Amino acid sequence: MAFGKGCHLHLIDGSAFIFRAYHALPPLTRKSDGLPIGAVAGFCNMLHKYIEANTGPDAPTHAAVIFDYSGKSFRNEIYDKYKANRPPAPEDLVPQFPLTRQATRAFNVACEEIEGYEADDIIATLSCQAREAGGRVTIISSDKDLMQLVGDGVEMLDAMKNKRIGPDEVVEKFGVKPERVVDVQALAGDSTDNVPGAPGIGIKTAALLINEFGDLDTLLERAGEIPQPKRRESLQDNAELIRISRRLVQLDCNTPLDFSLDDLEVKEPDPEALLAFLAEMEFRTLARRVAEQFKVEAPVIDDTPGASAGSDGAEAGDMPDPTAREIPFDHAKYEHVATAQALDDWLMRIARAGYVAVDTETTGLDEMVADLVGISLSVTPGEACYIPLAHVKGTGDDLFADDTPAEGQLPMQQVLDALKPMLEDPQILKIGQNIKYDAKILHRYGVTVAPFDDTMLMSYAMHGGLHGHGMDALSERYLHHNPIPIKELIGSGKSQLTFDKVPLEEAVKYAAEDADITLRLWQTFKPRLHRARVTTVYETLERPLVPVLAQMERHGVKVDRDTLSRMSNAFAQKMAGLEAEIHELAGEAFNVGSPAQLGEILFDKMGLEGGKKGKTGKYSTPADVLEDLATEHDLPARVLDWRQLSKLKSTYTDALQTHINAETGRVHTSYSITGANTGRLASTDPNLQNIPVRTEEGRRIREAFVAQKGNRLVSLDYSQIELRILAHIADIDALKQAFKDGHDIHAMTASEMFDVPLDQMTPDIRRQAKAINFGVIYGISGFGLARNLRIPRAEAQAFIDRYFERFPGIRKYMDDTVAYAKEHGCVQTLFGRKIHTPEINAKGPGAGFAKRAAINAPIQGTAADVIRRAMIRMPEAIRDLPARMLLQVHDELIFEVEEAAVDDTIAAVRKVMESAAAPAVHLAVPLEVDAGQGMSWAEAH
DNA sequence: CCTGTCACG
DNA sequence: GACGTACGTGACAGGG
């Protein structure tokens with residue numbers, strides 16, 4: 001039937017359906033393979049309901065679901081920032097977009113999208129055409145941007161509220177008739193779409209002005225007549241921006257369409273096609289309902305895992321994966337690959353599957369030094385292989401060490417040449433457990449592993465705070481299998497062997513098992529990731545960090561051995577002097593480094609007060625106790641000096657030297673992504689996140705961290721990032737304003753609390769306020785504050801009470817956070833990272849700990865997420881600069897930069913760091929970054 | 001291997 | 001009413 005008078009066209013805003021469905025439903029997955037499917041399910045239900053509701057006498061003659069074409073539209077050419085601050089669609093929603101198109105076609109409803117145009121433009125064009133042909137139009141949407149189309153036979157329908165939107169409703173919303181809606185929108189702008197509009201003008205004012213002057217052009221022409229100076233100037237100064245805004249909000253009635261109204265005629269669904277689709281999606285209820293409706297048999301839905309026909313191509317389908325837990329572990333089934341033919345067979349299996357679990361065995365734990373010994377692979381649970389590459393005959397007995405190669409190994413280079421194309425193939429997913437380690441090893445052999453998944457990071461995203469994420473713990477917990485302990489192969493302690501000495505038969509069992517476990521963990525975690533709603537966290541905050549950290553670790557930082565060595569000698573001399581004095585004062589020689597012996601001297605022999613014994617029945621002598629004693633006695637004072645030097649010498653000036661890599665002359669720390677529950681990184685071997693800075697003597701150790709010739713070290717750190725995040729999360733206006741105005745936040749807090757004007761602030765009052773600000777971040781207690789400030793507990797409690805009185809929002813944040821943790825068993829950062837709080841409902845002393853940890857975690861964790869985001873974006877941002885990112889210290893990033901590029905690098909890095917929260921989170925407080933540079937870390941910080 | 005101590009944010 | 005408490009880490013030394 002040709003479209004004309006008497007026809008009724010229904011246009012459904014498809015994107016609105018999808019997003020509503022996505023947010024309304026829990027994250028459902030297809031049972032057979034874990035494919036995210038919630039939005040599709042909701043979409044189908046909505047579409048089905050819509051069709052059922054529109055079968056009566058007023059049924060449409062023509063109908064279509066209109067979608068947005070992904071990517072940019074012509075509006076981006078008018079204004080490049082259009083919709084620029086839109087966060088990307090959630091990871092688990094992306095694969096559902098094409099499925100909603102399939103669903104629409106399955107219901108036999110026309111489904112249209114046009115490249116370069118938004119759905120709204122297609123809707124506008126069709127509405128215009130239908131109106132001209134003399135028909136009626138109903139737009140199923142509540143999007144205000146479509147209201148400009150209303151009138152002359154076109155109306156909207158808000159399907160959720162079942163409310164018709166005609167000209168009257170438009171006037172209610174915009175204060176003007178539909179044909180002037182564009183003018184109002186152009187003036188008011190739209191922050192979600194980044195339509196600029198006129199600053200300071202909202203919908204109300206815009207409508208007022210348009211109604212007074214008639215239309216936008218007249219208004220802009222006669223803007224000088226506006227009596228209010230602010231409005232007048234806003235319009236006069238931004239006339240061009242307003243005209244651009246109008247072009248952005250004006251829908252295009254001339255979108256080139258590759259179909260006509262006649263093509264949209266309503267058709268009866270084809271029950272067979274529809275039920276096939278619903279069965280494929282495993283929508284049981286809807287399939288049954290549809291089947292009843294058409295009086296046909298409901299399809300049989302097989303949703304046992306692995307049964308899916310494979311929606312991502314046939315490869316995955318022809319060899320269904322058994323579930324990770326059903327197949328028993330059988331070490332005898334693991335294969336020792338020793339021939340080119342066997343290797344080829346494995347590569348074929350991997351190519352067919354499209355993914356592979358990979359694990360490397362090496363001679364040590366230091367990826368900068370350890371040599372590759374073998375590689376294991378798995379694509380099917382229970383089946384795995386080990387390819388030994390550098391095993392030797394030696395049994396490990398030193399006397400009879402035999403380092404001739406063991407039998408049954410392919411040449412290493414031949415294997416690497418064969419595996420490299422697969423390991424670098426963008427079509428083949430490499431799955432690892434802590435894959436940063438394997439990637440760093442393989443990098444030294446010229447192989448770049450990509451793309452990849454990491455089961456350790458998946459576990460961290462899902463189970464952060466619940467347990468550790470090492471392979472043994474995960475295997476036991478999620479596969480109910482205890483892997484062979486490495487100790488059984490290489491022993492422990494001084495007589496530990498390297499893996500290349502392990503006999504091949506045992507090595508195959510151990511190594512292949514690791515690949516098997518990794519694959520099974522991946523199959524177990526993959527669908528759960530989505531259900532736990534942490535896919536975005538995993539994909540944007542964990543996984544992309546791996547290559548960034550690997551590169552930083554490989555670069556390392558130059559450390560000057562002579563500087564450290566000289567300091568060590570100086571410390572040794574001073575310590576010897578102090579030790580002699582201490583023995584003199586004690587009247588006997590004893591081990592100054594032994595708290596037990598020191599305690600006996602202090603509390604038994606000298607009879608001083610304050611001696612406490614620990615669980616082991618020995619005296620404890622922490623610094624704060626010694627500090628109290630030091631006001632009266634010389635001995636504890638000397639011990640404190642000695643301890644400081646001892647710490648600096650043993651942990652830093654001595655130990656750091658042993659970490660200088662012989663080949664690079666640099667120190668290569670290792671960052672653990674999953675080490676800290678809050679999302680912070682941890683640094684080990686050595687820990688470069690606790691290099692002294694607070695005392696002058698300790699800070700000098702940073703002089704040994706230097707830039708190579710012709711370079712500078714550059715350090716940039718976030719200023720007060722945790723307090724800023726607290727101000728945002730707890731929504732404290734006074735704090736937010738102080739940060740916006742660039743005020744001294746601790747002085748401001750002090751002024752508020754103690755009623756001291758800022759110009760009369762004393763350092764001591766400010767210091768107390770600072771301690772309270774930090775205390776709040778940690779989950780303040782009277783006891784803790786009292787100890788920190790060394791004031792009576794009642795006084796500390798009074799400060800806290802006063803603080804909460806002045807900033808009631810903080811109290812509310814703390815209470816709300818604890819309540820949330822109790823209800824959900826976890827807390828969240830602004831970016832969706834979940835930190836579990838299993839102890840939150842504990843009784844006894846543990847309860848306090850858990851509460852404070854829950855209060856702290858969203859703040860510390862959000863700050864950690866922010867710097868992670870900055871780090872992930874950094875390689876691209878400094879790509880064209882002679883600069884390398886070397887270190888991260890929680891709120892600080894350290895770079896090594898060629899002298900001439902220092903200023904450019906600071907500018908580029910600062911920009912990335914300060915804007916790192918966007919676009920996912922819009923902080924109500926600016927992030928500020930301080931920068932420094934110099935020959936050494938001491939100068940740069 | 002555990003505990004105490006102390007370095008950092 | 002008593003108890004024990006600031007949050008998050010890692011390394012080293014002593015001592016069993």
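Order of the sequence lines sets the chain letters (A, B, ...), proteins ahead of strands, with each chain counted from 1. Note that the structure is predicted; figures quoted are calculated from it, not measured.
Using a 4.0 Å heavy-atom criterion, one finds that A:Q644 contacts the sugar-phosphate atoms exclusively. Among the atoms of the strands shown, only primed sugar atoms or phosphate atoms (P, OP1, OP2) are found under 4.0 Å from some heavy atom of A:A655. Using a 4.0 Å heavy-atom distance criterion, A:I777 is classed as making no nucleic acid contact. As judged by a 4.0 angstrom heavy-atom cut-off over every strand, A:D891 is placed among residues touching the sugar-phosphate backbone only. Counting any heavy atom pair closer than 4.0 Å across all strands shown, A:R699 reaches no nucleic acid atom. Note on A:N690: a base of the nucleic acid sits closer than 4.0 angstrom, heavy atoms only. At a threshold of 4.0 angstrom between heavy atoms, the contacts of A:G779 with the nucleic acid are absent. Contacts of A:F783 with the nucleic acid, taken as non-hydrogen atoms under 4.0 Å apart, include base atoms. Among the protein residues, A:E892 comes within range of no part of the nucleic acid, since none of its heavy atoms lies under 4.0 Å from any strand.
Closest to the A:A682 side chain, of the nucleotides B:dC6, C:dG16, C:dG10, is C:dG10. Among the nucleotides C:dG4, C:dG15, C:dA11, the one closest to any side-chain atom of A:N591 is C:dG15. The side chain of A:V693 sits closest to B:dG9 out of B:dA7, B:dG9, B:dT5.
The distance between atom CZ of A:F571 and atom C1' of B:dA7, rounded to the nearest whole Å, is 13 Å.
For A:R643, a side-chain nitrogen or oxygen approaches OP1 or OP2 of B:dC6 to under 4.0 Å.
The pair A:E542-A:R868 meets the salt-bridge criterion, since a charged nitrogen lies less than 4.0 angstrom from a carboxylate oxygen. A salt bridge between A:R790 and A:D628 is present, with a side-chain N of the basic residue lying under 4.0 Å from a carboxylate O of the acidic one. With respect to the salt-bridge test (charged N to carboxylate O, under 4.0 angstrom), the residues A:K436 and A:E553 qualify. A:R767 and A:D764 are joined by a salt bridge, as a carboxylate oxygen and a charged side-chain nitrogen come within less than 4.0 angstrom of each other.
Side-chain N or O atoms of A:E703 include none that pairs as donor or acceptor with a backbone N or O of A:S936 at under 3.5 Å.
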